[in-house]
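Worksheet: one structure, shown below.
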Amino acid sequence: MSPKPLIVVGSVNADLVLPIERLPKPGETLAAASIETVPGGKGANQAAAAARAGYPTFFVGQFGRDDPNAALLRNALLGCGVDLAHAAEVEGPCGTALILLQAGGENSIIIVGGANQAAWKLSDGVKALIAGAGAVLLQREIPEPVNVEVAKLAAAAGVPVILDAGGVEGPIDPAILPCLTLLSPNETELARLTGLPTDSEAQVQAAAEKLMSAGVKSVLVKLGADGSLLLPGPGQPPLRQAAIKAAQVVDTTGAGDCFTATYAVAVLEGKPPAEALRFASAAASICVQRKGAMPSLPARTEVDELLSKQ
């Protein structure tokens, strides 16, 4: 039997990438060496990462009708092996992100929601797809009520729900929390969501436990170069995964999306949590060594090869 698919409901953006030495100061003008349009968006990145990792993946999102970037975005996802049968088209432009890529790989991002923030209507086909999924993966670059509706549909059908906390900076709707099998923030998002400091590992764990006390079943905190910390559930000891060091960091755009998606794939494949963390860490290590969000996502063979050398 073929495995139940991963359903990614979320955003797709055209990323306008400008390489710069540093961020400009107020009133200052800096020159960028180039500008490049590459496919991105947290939802699309995660769908592409999962499909590149070899898992059957559907992307449910919205493309802007008549936007010249729509074909670029669709073709990129299809090229990664993502199924777009349930993606929609709406009036207006696609989502767009302006990415200021600084020397050393750090980035600052400005997002225009476009089609991602237009009105959503989940079709009967999408609802049936969700009910029959292996898991549903969400982020926060689409309207919060859509995430809540999807999470409730999935939870009612007994389908695991994973929410990557990246995207909008506002509080998470409390209605979604009891539906979540896993919530995955980075340390900055964790601090923002809980109002607690996250400067030390003990503080990160305490903040993650606060989310679990609100109904979330498990929490996976992405710690960048310091790796990750998983709280698998009440009464279970936390799992710590060190980052698999990259030879050089070229661009961190999409690395968190890559990590969350490949962790989801590993769990769906039946890997125990510690092994799933190592798999995701290897994928993210490859991702940061390349430019662009979606173009940097590794193939399954690359991840397996890196793990074999650890």
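All figures in this text were calculated on a predicted structure; none of them were measured in a lab.
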Do Ser108 and Gln102 get their side chains close enough for a donor-acceptor pair, meaning under 3.5 Å?
-> yes
Check the side chains of Thr253 and Asn107 for a donor-acceptor pair under 3.5 angstrom, ignoring hydrogens and angles.
-> yes
For Lys210, does the NZ atom have more than 12 heavy-atom neighbours from other residues, nucleotides or ligands under 6.0 Å away?
-> yes
Is it true that the side chains of Gln46 and Asp164 contain a donor and an acceptor less than 3.5 Å apart?
-> yes
Please check if any side-chain donor atom of Glu187 sits under 3.5 Å from a side-chain acceptor atom of Thr198, or the reverse.
-> no
Any side-chain heavy-atom pair of Thr57 and Leu137 under 4.5 Å = no
Specify the closest pair of heavy atoms between Trp120 and Val60, including all atoms of both residues, with the distance to one decimal.
-> CH2-O, 3.8 Å
Of all residues at least two apart in sequence or in a different chain, which pass the side-chain contact (heavy atoms from CB on, under 4.5 Å) check with Gln203?
-> Pro197, Asp199, Ser200
For residues Ser285 and Lys245, is any side-chain donor paired with an opposing acceptor at under 3.5 Å?
-> no
Between Ala48 and Met294, what is the shortest heavy-atom contact and its length?
-> CB-CG, 3.6 Å
Lys42 versus Thr260, side-chain donor and acceptor atoms under 3.5 Å = no
Determine whether Asp251 and Val288 make a side-chain contact, defined as any pair of heavy atoms from C-beta on separated by less than 4.5 Å.
-> no
Strictly by modelled atom types, are Gln205 and Glu201 linked by a side-chain donor-acceptor pair under 3.5 Å?
-> no
